[in-house]
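Notes follow once the structure below has been shown.
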Number of protein chains: 2
Amino acid sequence: MSKQADSATSTNRAFKKRTGSKSDTIYAHIFDAILEHRLSPGTKLSEEALGEIFGVSRTIIRRELLQLAHEGVVSIRPNRGAMVANPSVEEARQILYARRLVERTITELVVQNATEKQLAELRKMVVDEQNCFTRGEMGTGIRLSGEFHLKLAEVAGNAPLTGFQRSLVSQTSLIIAQYEKVTRSHCSFDEHNQLLDAVAAKDTEKAISLMMRHMDHIDEKLNFDDEGATDDLHAIFSHVRG
Amino acid sequence: MSKQADSATSTNRAFKKRTGSKSDTIYAHIFDAILEHRLSPGTKLSEEALGEIFGVSRTIIRRELLQLAHEGVVSIRPNRGAMVANPSVEEARQILYARRLVERTITELVVQNATEKQLAELRKMVVDEQNCFTRGEMGTGIRLSGEFHLKLAEVAGNAPLTGFQRSLVSQTSLIIAQYEKVTRSHCSFDEHNQLLDAVAAKDTEKAISLMMRHMDHIDEKLNFDDEGATDDLHAIFSHVRG
DNA sequence: TGTATCATTTATGTATACAATTTTATTAAA
DNA sequence: TTTAATAAAATTGTATACATAAATGATACA
């Protein structure tokens with residue numbers, strides 16, 4: 001409703017001055033860093049350190065961290081500060097389940113509502129994404145992949161749903177950072193293009209089917225057997241006291 | 001994820017000390033006041049006034065207002081403070097649409113997952129709700145009606161979805177406050193009981209059908225023809241420079 | 001050497017002071 | 001009386017100071 005989280009970094013940015021003041025950039029900077037996997041799940045986010053980095057007081061940092069916590073990408077524990085969220089296996093499952101529901105609905109709405117202009121924008125986003133991956137800029141590519149899904153939500157035209165999707169996409173990125181199997185590269189842009197073909201053809205069934213397969217592929221990239229990158233000591237030593 | 005919004009007021013409360021400090025109660029107090037329609041859409045929420053009322057500094061009030069804004073029940077405009085949100089007709093439509101989607105999914109999951117104990121709790125909630133309405137405590141009744149739907153989401157067992165549902169239910173309450181037709185009483189508890197019957201019988205189709213009818217009835221109570229209680233001057237005088 | 005207790009340091013939680021902006025009131029002119 | 005310009009008041013935005021709790025390090029003791 002109020003705060004958006006468009007990218008604030010590198011590739012293809014527009015550099016247009018936003019109405020929002022500095023705090024917007026702070027939010028976006030941290031947000032992007034998490035989505036590009038430059039900040040790992042579990043990393044401590046010190047208020048004072050961030051304040052120095054961005055040249056503002058803790059007051060501002062505190063507010064931004066709260067926003068990020070709302071979004072689900074940051075976790076705040078009372079008296080112990082904030083850190084990049086590290087969703088548990090169960091949380092990850094629920095997030096991915098919810099995302100399937102939302103993506104299904106969004107796909108349906110996109111087929112109904114997408115204009116030519118919007119389709120063109122979506123095509124362009126896929127190109128940008130592909131360029132990143134071929135250039136080896138994995139982090140930015142991952143973020144752009146997420147922004148593609150967010151753009152779909154916008155095209156669907158339901159603001160509450162878009163907000164929810166933003167949260168789900170962000171958290172999916174965190175889940176990938178934490179549970180991704182080694183030696184697997186993201187080639188989602190190909191699937192993104194196929195999806196847009198189905199959308200352009202107004203083929204709802206096919207579009208949904210492709211989107212669900214896309215979700216399957218995300219699942220397949222994950223390994224929920226071990227408790228993720230950020231070592232969960234409780235899980236690791238769960239056998240100790242029987 | 002972190003902050004819940006269980007009732008903090010009157011009927012059937014438990015008075016159990018929560019772990020959270022005073023700020024939890026502040027959030028809940030404002031939240032409940034809005035959901036019980038004691039605070040009307042558009043009402044200014046002054047930081048200083050609220051600070052005095054709750055005996056805390058603006059720092060705390062600010063944080064709570066931000067939380068409420070994220071929930072969608074409060075609207076914050078830069079340099080101009082916070083007010084109870086007054087969703088436009090279009091926003092209302094989108095919220096109700098999103099809610100249908102979520103309620104459908106939740107209903108499906110509830111039929112699958114609900115335990116006997118949970119069903120009993122749900123039954124009890126409907127009794128409480130009914131008692132309120134027969135006693136003439138409309139505000140509390142409206143809130144409990146919302147909490148019933150929230151409880152369903154909890155039973156469904158998907159945390160992200162529950163969070164989204166909380167936001168949608170709250171905003172629905174606001175929409176009703178703003179667009180409800182005159183002289184129509186809420187008798188949702190009856191439909192709630194029928195829904196629970198279908199859930200108990202594990203009849204997914206019927207449960208969903210009942211839930212969708214329930215949503216229809218909410219729609220029918222609303223009048224989107226005029227722009228709601230809080231006067232929208234732009235809409236009223238749209239013909240002037242037209 | 002290992003453990004427990006206490007002191008120190010560090011970080012977060014809240015209140016307050018001041019700056020910037022908006023709103024309201026006042027005054028002057030048409 | 002209405003409008004415009006200006007001054008005053010009130011409200012929000014941000015930084016900082018202090019209070020409180022957690023994490024760390026030091027010391028005493030077994």
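From a predicted model like this one, the values you see are computed outputs, not experimental measurements. Chain A is the first sequence line, chain B the second, and so forth, proteins listed ahead of strands; every chain is numbered from 1. In what follows, every heavy atom counts, from backbone to side chain, and hydrogens, waters and symmetry copies are set aside.
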Ignoring backbone atoms, test whether B/Arg63 places a side-chain nitrogen or oxygen under 4.0 Å from the OP1 or OP2 oxygen of C/dT14.
yes
Is the shortest side-chain N/O distance from B/Lys44 to OP1 or OP2 of D/dT12 below 4.0 Å?
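For D/dT12, OP1/OP2 do have a side-chain N/O of B/Lys44 under 4.0 Å.
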salt_bridge(A/Lys181, A/Asp225) N-O dist < 4.0 Å
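A/Asp225 and A/Lys181: not salt-bridged.
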Summarise protein proximity over nucleotides 16-22 of chain C in one line of letters, 5' to 3': B for base, S for sugar-phosphate only, - for none, counting protein heavy atoms closer than 4.0 Å.
B----SS
What are the two closest heavy atoms between A/Pro41 and A/Ala85, and how far apart are they?
CB-O, 3.4 Å
If you compare all heavy atoms of A/Ser173 against all heavy atoms of A/His37, which two are closest, and at what distance to 0.1 Å?
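For A/Ser173 versus A/His37, the nearest heavy atoms are O-NE2, 2.9 Å.
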Please check if atom CD in B/Glu48 has more than 12 non-hydrogen atoms from other residues, nucleotides or ligands closer than 6.0 Å.
no
Take the protein atom [atom1] of [X] and the nucleotide atom [atom2] of [N], then report the distance between them rounded to whole Å.
| X | N | atom1 | atom2 | value |
| --- | --- | --- | --- | --- |
| A/Leu66 | C/dT14 | CG | P | 12 Å |
| A/Arg77 | D/dA21 | CZ | P | 17 Å |
| B/Leu65 | D/dT12 | CG | P | 9 Å |
| B/Glu52 | D/dT11 | CD | C1' | 14 Å |
| A/Met83 | C/dA11 | CE | C1' | 16 Å |
| A/Ile26 | D/dA15 | CD1 | C1' | 13 Å |
| A/Glu48 | C/dT9 | CD | P | 16 Å |

Please pick, from D/dT12, C/dA15, D/dA15, the nucleotide with the shortest atom-to-atom distance to any side-chain atom of A/Val56.
D/dA15
Tell me which nucleotide among D/dT14, D/dA15, C/dA15 gets nearest to the side chain of B/Ile60.
C/dA15
Applying side-chain hydrogen bond (donor to acceptor under 3.5 Å, both in side chains), run through B/Glu103 and B/Gln165 and close with a yes or a no.
CA-CA 8 Å; B/Glu103 292 283 9; B/Gln165 170 79 331; 2.9 Å; yes
Between B/Glu71 and B/Gln67, is there a side-chain donor-acceptor contact under 3.5 Å, judged purely by atom types and distance?
no
Where does the angle between the aromatic ring planes of A/Phe224 and A/Tyr179 fall among parallel (under 30°), tilted (30 to 60°) and perpendicular (over 60°)?
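Rings of A/Phe224 and A/Tyr179: perpendicular, as their planes differ by over 60°.
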